[in-house]
Amino acid sequence: MHKPGSAPWNASDAQHIIDQHKSRPGALLPILHAIQDHFGWIPDQSVAMIATDLGVTRAEVHGVISFYHHFRTKEPGRHVVEVCRAEACQAQGSRALEAHARASLGVDYHQTTADQTITLEPVYCLGNCSCGPSVRIGDEIHARVDAKRFDALVEELRTEPLTLASLAAPNLAVSEQEVPS
Amino acid sequence: MSWTIHVPSDTTARALGSDRLVSGIQVLAREAGVELHVRRNGTRGLYWLEPLIEVDTPNGRYGFGPVNDSDLDSLFASEFWKGEVDHPLALGLVEELPYLKRQQRLTFARLGRIDPLSLDDYRAHAGFRGLEKALTLAPQAIVDAVKESGLRGRGGAAFPTGIKWQTVLGASADQKYIVCNADEGDSGTFADRLVMECDPYMLIEGMTIAGLAVGATQGYIYLRSEYPQAFRTLNSAIERACEAGLLGANILGSGSDFHLEVRLGAGAYICGEETALLESLEGKRGMVRAKPPLPALVGLFGRPTVVNNVLSLAAVPFILDQGAAAYAEYGMGRSRGTLPFQLAGNVKQGGLVELAFGPSLRELMFEFGGGTRNGRALRAVQVGGPLGAYLPESQWDTALDYEAFAKVGAVLGHGGVVMFDDTVDMGEQARFSMEFCVAESCGKCTPCRIGSTRGVEVIDRIRAGEQVEANLELLSDLCDTMLNGSLCAMGGMTPFPVQSAMKHFGEDFVKNASAAELEA
């Protein structure tokens with residue numbers, strides 16, 4: 001019932017994912033991707049399981065997770081909104097867009113809005129450099145995003161109809177830790 | 001009677017609403033009772049005209065663009081599916097557009113003309129001819145063809161591709177690898193993405209030829225996670241190529257094997273550096289390796305490995321099919337063939353411009369790009385990604401050639417051209433270069449890891465007007481240290497944009513400073 005990327009923690013799901021990938025050469029990144037694609041983040045409980053199955057230490061797994069910007073160890077909001085910070089977007093006004101995004105959402109990068117809707121992340125280039133500023137929401141890229149367009153996109157995310165899946169969204173006890181400091 | 005129309009499907013076209021257009025067209029076609037067959041092509045790379053809808057006519061494809069949702073009613077009223085009709089968005093025959101016609105599209109000959117995943121389309125446009133040729137040749141003959149073509153690494157370092165292949169061919173090992181560097185992290189570049197989203201079989205064919213040439217049976221495409229559509233397209237293409245016997249075991253009945261897999265990066269710019277990429281593929285932190293040993297001898301999992309950029313591998317099918325001389329005929333000096341340039345940033349006519357080496361940067365930016373998008377004066381241009389120099393107007397007449405750019409202290413890199421108007425604050429841009437290095441340094445060597453942090457601090461002090469002269473000298477020293485003391489291009493080239501900004505746009509560093517000093 002959960003859309004991909006929002007499944008609540010479940011050790012048997014995690015084990016199934018690890019088993020699917022662990023015999024591939026250089027398996028750690030594919031496993032971490034699959035875990036995050038399923039749960040939306042990399043829960044701490046999965047780290048020990050991965051370490052055991054790959055025969056490495058938990059510290060080594062942590063080391064890899066913390067190296068890459070893409071992997072997150074905190075549960076995100078329902079949507080991850082990435083704003084491009086790179087030069088081609090800067091030349092088209094992304095600095096103003098970044099400021100607007102942070103101010104209008106009331107969060108800084110890597111933080112989640114109080115209503116748990118949106119996690120704001122920076123990204124360095126989405127390859128949409130002729131038509132910036134660029135924003136990625138989930139797997140969708142949006143071109144020529146100014147403040148007005150950004151607000152409209154956010155409004156769409158906030159007003160999306162309630163579905164059974166969203167009703168069964170991750171419990172609040174976990175999400176409370178996400179309130180921006 | 002039915003008509004065929006083509007609606008682009010690459011990331012940028014979709015980011016501009018091309019999927020919504022397809023739905024709109026289907027609804028209106030039903031209402032109008034016309035049978036419109038909608039095909040999804042990739043994109044022509046003429047981004048200033050996207051979404052660019054094309055209609056098949058007996059004379060070729062007729063274009064309309066840029067099309068918004070609100071244009072559909074009037075397009076239907078003018079019966080646009082018939083092609084040559086009167087409409088404000090009518091562009092004429094797409095292939096006659098000067099922007100396209102004046103390019104030399106060798107690698108991107110198929111771009112936007114085919115359905116990216118159709119094997120029939122690919123074959124109908126010279127696809128797999130290079131592979132078929134390669135299957136008749138001895139490995140050394142394939143390597144020789146690539147050497148003779150003069151092809152140099154298109155990722156930025158411009159190392160001769162054929163020589164790299166020769167080293168791997170000459171190495172003996174139980175397993176060799178072909179690794180495609182598809183970690184296109186440079187801002188202002190999207191040519192790799194266009195290959196993967198719009199003509200994926202070309203990359204598969206190029207990698208397979210590389211495998212035949214050096215005796216590698218396994219390939220990996222290391223793709224950045226910021227390209228979700230390319231990931232889906234490549235995986236579908238690999239699956240279809242395997243089913244058709246073009247990939248996997250016993251390719252086209254030749255007895256040769258080549259297996260291919262796409263692996264996702266995870267948002268680390270440094271993994272575009274070839275040794276960091278190999279570490280990442282092995283499932284580790286993307287830490288740069290010291291060279292030697294060269295990856296060609298001790299590469300992925302310690303085995304001899306060809307690591308080539310997408311564009312280098314994508315150039316190979318043409319070279320095998322048309323011959324090395326046909327490729328080498330284009331270009332100037334030691335820069336043979338074509339480079340797909342990418343016009344980005346504040347540009348009126350942004351997009352992909354594949355040209356033989358040789359024309360000036362100014363021609364590219366004005367005759368193709370048409371100047372800035374907002375009409376303001378163009379002031380600075382960053383060529384070659386975040387580690388590339390900023391060029392002032394006095395350098396815009398430099399020829400687009402590896403050596404000519406090196407002479408003025410700049411790089412062509414992966415061909416990204418990012419244009420900035422006269423509102424740009426070059427002190428802020430220089431600061432960003434250092435800040436980016438802080439965020440993306442792998443941390444292995446000190447000049448890069450610590451130098452970039454100190455760089456941000458010292459630029460902040462300069463911009464705040466603190467001991468400007470002394471701090472400018474310090475920044476200059478720091479740049480020298482990073483340039484000469486770093487392990488790889490990350491720390492070694494981060495000074496390029498900073499030094500060029502200081503040299504050519506020095507006034508931007510001291511403008512706040514002089515105000516502060518005046519007060520003092």
Side-chain angles (χ1 to χ4, degrees), chain A residues 21-22 24-34 36-37 42 50 54 56 60-72 82 84-95 121-145, chain B residues 11-12 14-17 47-48 50 184-190 192-193 224-230 261 263-269 271 280-287 300-301 342-347 350-352 373 382 385-386 416 418-421 424 428-429 432 436 439-440 442:
Chain A
H21 297 284
K22 68 182 179 190
R24 297 166 73 182
L28 184 49
L29 261 73
I31 290 175
L32 293 174
H33 271 296
Q36 181 159 307
D37 288 348
I42 298 172
I50 295 167
L54 293 186
V56 297
E60 283 172 286
V61 179
H62 269 299
V64 171
I65 294 170
S66 62
F67 185 86
Y68 296 96
H69 301 306
H70 178 79
F71 296 131
R72 62 177 82 85
E82 296 171 88
C84 180
R85 294 199 67 205
E87 289 90 342
C89 283
Q90 289 167 8
Q92 297 166 92
S94 68
R95 283 202 176 90
E121 296 283 354
V123 65
Y124 294 98
C125 197
L126 294 164
N128 183 44
C129 314
S130 295
C131 303
S134 308
V135 166
R136 176 177 175 180
I137 301 173
D139 273 354
E140 264 187 52
I141 316 289
H142 301 269
R144 293 188 186 131
V145 181
Chain B
T11 291
T12 291
R14 294 177 67 213
L16 291 166
Y47 282 140
W48 48 292
E50 291 289 4
E184 186 175 48
D186 287 357
S187 175
T189 64
F190 42 79
D192 292 353
R193 179 179 65 71
R224 62 200 304 260
S225 56
E226 291 85 348
Y227 283 0
Q229 184 174 333
E261 190 183 325
R263 285 289 177 93
L264 275 185
Y269 178 77
C271 290
S280 184
L281 263 181
E282 291 181 6
K284 303 173 191 159
R285 292 162 69 91
M287 302 290 277
L300 185 62
F301 303 115
Q342 299 124 84
L343 283 172
N346 191 342
V347 57
L352 181 95
R373 181 171 159 81
Q382 188 177 32
V418 178
M419 294 159 57
F420 290 81
D421 70 20
V424 66
E428 193 172 28
Q429 295 308 119
F432 178 81
F436 183 68
E440 301 299 330
C442 81

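In what follows, every heavy atom counts, from backbone to side chain, and hydrogens, waters and symmetry copies are set aside. Here is the naming used below: chain letters follow the sequence lines, and residue numbers restart at 1 for every chain. Since the model is a prediction, treat every value here as computed from it, not as a measurement.
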Item to check | A:Tyr68 and B:Ser225: CA distance, side-chain angles, deciding distance, side chain to side chain donor-acceptor pair (under 3.5 Å) verdict | outcome: CA-CA 11 Å; A:Tyr68 296 96; B:Ser225 56; over 6 Å; no

Do [X] and [Y] touch side chain to side chain, with heavy atoms closer than 4.5 Å?
| X | Y | result |
| --- | --- | --- |
| A:Cys129 | B:Tyr47 | no |
| A:His142 | B:Arg14 | no |
| B:Phe420 | A:Glu87 | yes |
| B:Glu226 | A:His70 | no |
| B:Met287 | A:Phe67 | yes |
| B:Ser187 | A:Gln90 | no |

Contact leader toward chain A among [options], where contacts are heavy-atom pairs under 4.5 Å:
| options | value |
| --- | --- |
| B:Gly286, B:Gly350, B:Gly17, B:Gly265 | B:Gly286 |
| B:Arg193, B:Glu50, B:Glu428 | B:Glu428 |
| B:Ala344, B:Gly185, B:Gly416 | B:Ala344 |
| B:Arg373, B:Glu282, B:Glu184 | B:Arg373 |

Using non-hydrogen atoms and a 4.5 Å limit, figure out which bit of [X] sits close to chain B: side chain, backbone, both or neither.
| X | value |
| --- | --- |
| A:Glu140 | neither |
| A:Pro25 | both |
| A:Val123 | side chain |
| A:Arg85 | both |

Item to check | Side-chain ion pair, B:Arg285 and A:Glu60, N-O less than 4.0 Å | outcome: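 Looking at B:Arg285 and A:Glu60, the cut-off is not met.
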
Side chain, backbone, both or neither: which part of [X] has a non-hydrogen atom closer than 4.5 Å to chain A?
| X | value |
| --- | --- |
| B:Ala230 | neither |
| B:Glu261 | side chain |
| B:Asp186 | backbone |
| B:Cys271 | side chain |
| B:Leu264 | both |
| B:Gln382 | side chain |
| B:Thr12 | both |

At a heavy-atom distance under 4.5 Å, which candidate from [options] has the highest pair count against chain B?
| options | value |
| --- | --- |
| A:Leu29, A:Val56, A:Val61 | A:Leu29 |
| A:Cys125, A:Cys89, A:Pro30 | A:Cys125 |
| A:Ile141, A:Val135, A:Leu28, A:Ile65 | A:Ile141 |

Checklist entry - Looking only at heavy atoms, which two atoms of B:Gly345 and A:Ala91 are closest? And how far apart? => result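 Shortest heavy-atom separation between B:Gly345 and A:Ala91 comes out as CA-CB, 3.9 Å.
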
Next on the checklist: Using every non-hydrogen atom in the two residues, find where A:Cys131 and B:Leu16 come nearest and quote the distance to one decimal.
Outcome noted: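 Nearest pair, atom of A:Cys131 first, then B:Leu16: SG-CD1, 3.9 Å.
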
Next on the checklist: Strictly distance-based, threshold 3.5 Å: is any side-chain N or O of A:His33 a donor or acceptor partner for the main-chain N or O of B:Arg263?
Outcome noted: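 Pair absent, no side-chain N/O of A:His33 close to backbone of B:Arg263.
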
Next on the checklist: Please verify the inter-ring angle class for B:Phe432 with A:Tyr124; under 30° counts as parallel, over 60° as perpendicular, anything in between as tilted.
Outcome noted: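 Rings of B:Phe432 and A:Tyr124: tilted, 30 to 60°.
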
